[in-house]
S.K.: 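Sending over a structure as structure tokens; questions will come in a sec.
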Amino acid sequence: MEIMTKEDLKKTEEYFYLAGYNQWYPFLVELNTKLLNVYGKEPFPHTWIEQDFCEGSKK
């Protein structure tokens with residue numbers, strides 16, 4: 001089981017920048033908070049994987 005930490009969130013932001021997204025800008029504070037609230041704790045009985053983090057940040 002994997003949960004998102006602030007370091008993981010920072011790496012995700014860096015990935016978006018380095019991947020060359022044309023309209024990239026830093027994630028909004030509200031988005032950071034929402035991502036950490038959703039993926040920052042273990043969801044019983046579900047499990048998160050790294051792909052869930054990436055898909056959630058894209059949306």
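Numbers here are sequence positions counted from 1. Note that the coordinates shown come from a computational prediction; the quantities given were computed from them, not determined experimentally.
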S.K.: Could you tell me which residues satisfy side chain to side chain donor-acceptor pair (under 3.5 Å) with Asn32, sequence neighbours excluded, listed by chain and number?
M.R.: none
S.K.: Who passes side chain to side chain donor-acceptor pair (under 3.5 Å) against Thr33, sequence neighbours left out?
M.R.: none
S.K.: Working to the nearest 0.5 Å, report the span between CG of Leu36 and CG of Asp8.
M.R.: 9.0 Å
